[in-house]
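The residues of the chain are indexed from 1 along the displayed sequence.
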Amino acid sequence: MAFTVYGTELSSRLLLGTAQYPSPAILANAIRASGTAVVTVSLRREGAQEGGGNRFWSLIRELGVRVLPNTAGCHSVKEAVTTARMAREVFGTSWVKLEVIGNHDTLQPDVFGLVDAARILAAEGFEVFPYTTDDLIVAERLLEAGCGVLMPWCAPIGSAKGPVNIDGLRSLRGHFRDVPLIIDAGIGRPSHAAAVMELGFDAVLLNTAVAKAGDPVTMAAAFAKAVEAGSAAYRAGLLEPRDMAVPSTPVVGQAVFS
């Protein structure tokens, strides 16, 4: 089921990272198996490898997916803004996944720097995908800064813990009903992806859970199914939990034998 972000309709609700795969061939096959329409790439990571950027760009063109450059590894507003500007030149896109890391251990975003960087980039015509926390006030500030989408974490990057604050994620969805919300970071299993999609989130972005799996290609396909299942379940209308048992077979009007 397609969804729209920044006026672009995407054919898949699963976005895939491109780091840490065993080989380019496995990465390519995982992308195909996932059915994703968007992959993320760190300009710093690719640029650090001799010829790596050219090889990656060739692979993306062959697969026909859209690239979402990110500012991974940036710890200041200046670093993030400079990296975003370079990425726009390299990849020819105004889309950027904005990361401003505030803590080396948890990789939690520096939300103050994030808002400042988002405001600068939005004013320059970038379409910003901000990696943020599940804080409602931060979300409001990012929207005010010009962001048209929010990308809250559900757990620290690479932790594979899954959603640790369901109530916080549910509040985000409830407060920002008309804003595309994409879960970014912390997903470890297909069941985690299905769970956040059942909350009404629009998409999931993940990397480590696929790249580091024993079989990344099969895992990519599993996540694609989980995301679609969770989204379909939300649209269908989920049965809310109850405190008491409710018989599935009605007994009213039936004969009583004693």
Under 3.5 Å, side-chain donor or acceptor atoms of residues 24-31 against the rest of the protein: list the pairs with distances, not counting sequence neighbours.
residue, atom, partner, partner atom, Å
Asn29, OD1, Arg32, NH1, 3.0
Asn29, ND2, Ala25, O, 3.3

Table please: side-chain donor-acceptor pairs of residues 236-244 below 3.5 Å, with sequence neighbours left out.
none

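In this structure, CZ on Phe201 lies 10.5 Å from CD1 on Ile182, to the nearest 0.5 angstrom. The structure places CG of Asp184 at 8.0 Å from OG1 of Thr40, a figure rounded to the nearest 0.5 Å. For the atom pair CG of Asn103 and CG of Asp110, the computed distance is 10.5 Å after rounding to the nearest 0.5 Å. The line from CD1 of Ile157 to CG of Leu206 is 12.5 Å long, rounded to the nearest 0.5 Å. Atom SG of Cys147 and atom CD of Glu127 lie 11.0 Å apart (nearest 0.5 Å). The CG atom of Leu142 sits 5.0 Å away from the CG atom of Leu114 when rounded to the nearest 0.5 Å.
In summary, Arg141 and Asp116 do not engage in a salt bridge, as defined by a charged side-chain N under 4.0 Å from a carboxylate O. A salt bridge does not link Lys225 with Glu228: none of the charged nitrogens is closer than 4.0 Å to a carboxylate oxygen.
Although no hydrogens or angles enter the test, the distance criterion places no donor-acceptor pair under 3.5 Å between the side chain of Ser42 and the main chain of Asn70. A donor-acceptor distance shorter than 3.5 angstrom exists from the side chain of Tyr6 to the backbone of Gly148, with no hydrogens or angles considered. Without hydrogens or angle criteria, Ser12 side chain to Ala37 main chain gives no donor-acceptor distance under 3.5 Å.
Proximity of Asn207 to Thr18: side-chain heavy atoms (C-beta onward) are nowhere separated by under 4.5 Å. Between Trp95 and Val5 the shortest side-chain heavy-atom distance falls below 4.5 Å. Counting only heavy atoms from C-beta outward, the side chains of Ile183 and Pro152 approach each other to under 4.5 Å. The shortest distance between side-chain heavy atoms of Phe223 and Ile187 falls below 4.5 Å. Taking 4.5 Å as the limit, some side-chain heavy atom of Leu143 sits within range of a side-chain heavy atom of Phe176. Within the 4.5 Å cutoff, no side-chain heavy atoms of Lys161 are placed close to those of Cys154. Proximity of Arg170 to Asp167: side-chain heavy atoms (C-beta onward) are separated by under 4.5 Å at one or more points. Considering only heavy atoms from C-beta on, Arg88 stays 4.5 Å or farther from Val96 through its side chain.
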#### Entry: From CA spacing to verdict: salt bridge (Lys or Arg N to Asp or Glu O under 4.0 Å), Asp134, Arg173
CA-CA 10 Å; Asp134 53 18; Arg173 180 72 284 173; over 6 Å; no
### Task
Evaluate the side-chain contact (heavy atoms from CB on, under 4.5 Å) criterion for residues Val210 and Tyr21: first the C-alpha distance (whole Å), next the side-chain angles of each, then the deciding distance (0.1 Å), finally the verdict.
CA-CA 8 Å; Val210 171; Tyr21 284 84; 3.4 Å; yes
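The two residues Ala87 and Pro69 make their nearest non-hydrogen contact at CB-CB, 3.6 Å. Closest heavy-atom contact between Ala19 and Ala211: O-CB, 3.3 Å. The two residues Ala213 and Ala209 come nearest to each other via the heavy atoms CB-O, 3.6 Å. Considering all non-hydrogen atoms of both residues, Val204 and Val227 come closest at CB-CG2, 4.3 Å. For the residue pair Met197 and Tyr234, the shortest heavy atom distance occurs at O-CB, 3.6 Å. In plain terms, the two heavy atoms of Gly73 and Glu99 that are nearest each other are N-OE1, 4.5 Å.
Few gaps surround CZ on Arg66; more than 12 heavy atoms of other groups in view lie less than 6.0 Å from it. For CZ of Phe112, the number of neighbouring non-hydrogen atoms (other residues, nucleotides, ligands) closer than 6.0 Å is 12 at most.
By the 30° and 60° cut-offs, the orientation of the rings of His75 relative to His104 is parallel.
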